[in-house]
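Have a look at the structure below before the remarks.
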Protein chains: 2
Amino acid sequence: MNARPSETLSSELTSTLRDAIITGEFKQGSKLSETRLAKQLNVSRGPLREAIRRLEGMNLIQHVPQQGVRVVTLTKELILQIYEAREALESKIAALAAEQMSSQEIEELHRLLDVQTRHMREHEAAAMPAEGDYAFHEQVIRGGKNKVIERALLFEIYNLIKMFRYQNEFAHTSTSNALIEHRQITYAIEQRDAVLAEVTMRQHIKRARERIERRMPD
Amino acid sequence: MNARPSETLSSELTSTLRDAIITGEFKQGSKLSETRLAKQLNVSRGPLREAIRRLEGMNLIQHVPQQGVRVVTLTKELILQIYEAREALESKIAALAAEQMSSQEIEELHRLLDVQTRHMREHEAAAMPAEGDYAFHEQVIRGGKNKVIERALLFEIYNLIKMFRYQNEFAHTSTSNALIEHRQITYAIEQRDAVLAEVTMRQHIKRARERIERRMPD
DNA sequence: GATAGACTAAATGTTGACATTAAAACAATC
DNA sequence: GATTGTTTTAATGTCAACATTTAGTCTATC
C-alpha cells in the first residue's frame, strides 16, 4: 500500500537525533550516552547504535572506540573548512545545473524566488527566513543531476550549516543581498551559462564565508 | 599500553568488507545477506550491521529498508559523476595545499615522485602502480589541512575510484602522463602558487575523466 | 493453462542479556 | 594534603533469541 520504503525505527531515530543535534538540544561537544538515550527514547540500544553510525557518516558526531560518541564542536576553524568544501562542491553543481535543469525545474526556482521576494516586502529588512534559503539551494543542488555531489552537500555539509546557523544568531542569512545573488544565479542558469552560474555561486558562498570570518569569535 | 584506540570488531569488519567490495570479491549489484555473512565470518549480526551502516556512509553499498543491502553498481554515469565531485574537491584542496603544506610535507612529495620515477625507468612504459599514484594524491589531500574535504575525498570518493580501477583493466593509471602532471602539481605547490596548483590538479583529473568517457562502454 | 490466494520459509528489524573495558569513587600511603 | 593504588560502578561492545515483513511456493479456482 505504501509506495515508498516504510520507515524503520532506526531511520526514525536518525532523523530525531539529527534534529536534536541541529537545534542544539544536544549541546556541542557533549557526550551521548547510549544507555541513557535508549531509556529516554524508550528503544533498545541496537537501532540506536545504528542511527549513531549514520550520524557519524553525516559528520554530526564523532566516535572514539571504547569511549562513546560526542556531538561535533563547531569551532571557527571547522566552520570555515565546511564553507570551503561547500564552495568547491556547490559552485560545480551550479555549473551542472545550468546545463542539466529542466525548464520546469527552473520555473520552480522562480517560484521560490517569488516567495522570498514577497517575504522580504512584508517583513522589510528582516533576515531571510532560513527555510526559503535552503529551498532555493536544494533546488539548484538537485538540478545538477549529480548524485555524488548532491549527497555530499545535503548529507554532510548542509546539516552542519543548518546546525551552525540555528545556534548562532549572527549567522542567520542576511538581508536582501542573498536575494539579489539568488536572482543572479537563477539568471545564469536560465541563460544556460555554466561558467557564470559557477562563478556567481562561488562568490555567493565566498561572501558568506568572509562574513563569518569577520564576525565569528575564535 | 596501546596508544591508539583499540580496534573493535565492528571496525575490523568495516575494513574487511570494504576491501572485499573494492577488490570485487563481492560483485557489484549483488545482495549482501546479513545472516550468511555473519555465519561466514563467524560473528554476530550486531557488529556486522554497524559495519554495513558505515559502508553505506562511504557510498559502497545501498540500503533498502526491509530488503537488505546491495553492493553499489559502478555505471559509466556514476563513475563520471564521481570524477566531477573529485575534480571540484581535489582542485580546491590542491590550492589549499599550496598555501598550507609544510616544507617537510613538500619534501615527502618529492620523495614520492622519485619512487614513481624510478619505477617508471625500471618498468618502462608500464602502467604506473596504483599505490604510488594514491600515495601522491593522499599526500596532497592531507597537506590541504581541511578535514572536511579530506574526509569527503578519502572516505567517499577514493574508495569508489579504487574499486573502479581495481576491477577495470582499462582504468589503470596510465603511462608517463600522470607522472609529468604530478611533477607540475608539485612544482605549483612548491612555488606556493595556489591558482596554478588548482588549475593543474583540475586538468589532471579532467583528463582522467575524459579518458574514461572515451574508453568505458555504457 | 493462467491467475489469485493461502501458506511456508527465510530474511531483516528489534529486543534483552552477557562480557569487557573505561571511568569514578574510595582508601591507603607518602 | 596530594597522589597512588584498589575497588566499584556504569558504560560500550557483543551475542543470541524473538518479531515482523518479504519473497517464494504451492494449491485451488476460473
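Sequence lines set the chain letters: A, B, ... in the order given, protein chains first and strands last, and positions in each chain run from 1. Just so you know, these numbers use all the heavy atoms, side chains as well, and skip hydrogens, waters and symmetry mates.
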(message) Please determine whether a side-chain nitrogen of the Lys or Arg among B:Glu50 and A:Arg49 lies less than 4.0 Å from a carboxylate oxygen of the Asp or Glu.
(response) yes

(request) Starting at atom CG of B:Leu41, determine the distance to atom P of D:dC15, rounded to an integer number of angstrom. (result) 11 Å

Distances under 3.5 Å between protein N/O atoms and the N/O atoms of nucleotides 16-19 of chain D, please, pair by pair.
none

(request) Inspect the contact between B:Glu210 and B:Lys206 and indicate whether a charged nitrogen and a carboxylate oxygen are less than 4.0 angstrom apart. (result) no

(message) What is the distance, to the nearest angstrom, from the CG atom on B:Leu48 to the P atom on D:dC15?
(response) 10 Å

(request) Could I get the full list of side chain to side chain contact (heavy atoms under 4.5 Å, CB included) partners for B:Asn159, not counting sequence neighbours? (result) B:Arg18, B:Ile22, B:Met58, B:Leu60

(message) Strictly below 4.0 Å, N to O, side chains only: are A:Glu87 and A:Arg209 in salt-bridge contact?
(response) yes

(request) With heavy atoms under 4.0 Å as the rule, sort A:Pro47 into base, sugar-phosphate or nothing. (result) base

(message) For a quick test of reading the model: is some side-chain N or O of A:Arg49 closer than 4.0 Å to OP1 or OP2 of D:dG13?
(response) yes

(message) Tell me every residue that passes side chain to side chain donor-acceptor pair (under 3.5 Å) with B:Lys145, counting only those two or more places apart in sequence or in another chain.
(response) B:Glu105

Any protein N or O atoms within reach of nucleotides 8-11 of chain D? Criterion: under 3.5 Å, listing atom names and distances.
| from | atom 1 | to | atom 2 | distance (Å) |
| --- | --- | --- | --- | --- |
| D:dA11 | O5' | A:Thr35 | OG1 | 3.3 |

(message) I'd like to know whether NZ of A:Lys39 has more than 12 heavy-atom contacts from other residues, nucleotides or ligands below 6.0 angstrom.
(response) no

(message) Heavy-atom count check: over 12 atoms from other residues, nucleotides or ligands less than 6.0 Å from A:Glu77 CD?
(response) no

(request) Let me know the distance between CG of A:Leu37 and P of C:dT15, rounded to the nearest Å. (result) 14 Å

(message) Is the phosphate of D:dT14 approached by B:Thr8 (side-chain N or O, under 4.0 Å from OP1 or OP2)?
(response) yes

(request) Can you tell me the distance, in whole Å, between the NE2 atom of B:His63 and the P atom of D:dT21? (result) 15 Å

Distance-only criterion, 3.5 Å: show the donor-acceptor pairs between side-chain atoms of residues 106-115 of chain A and protein atoms not counting sequence neighbours.
| from | atom 1 | to | atom 2 | distance (Å) |
| --- | --- | --- | --- | --- |
| A:Glu108 | OE1 | A:Arg111 | NE | 3.1 |
| A:Glu108 | OE2 | A:Arg111 | NH2 | 3.1 |
| A:His110 | NE2 | A:Glu190 | OE1 | 3.4 |
| A:His110 | NE2 | A:Glu190 | OE2 | 2.9 |

(request) To the nearest Å, give me how far apart CG (A:Leu9) and P (C:dT12) are. (result) 18 Å

(message) The criterion is ring pair (Phe, Tyr, Trp, His ring centres under 6.0 Å); which residues satisfy it with A:Phe136, sequence neighbours excluded?
(response) A:His182

(request) Would you mind reading off the distance between A:Gln66 atom CD and C:dA24 atom P, rounded to a whole angstrom? (result) 16 Å

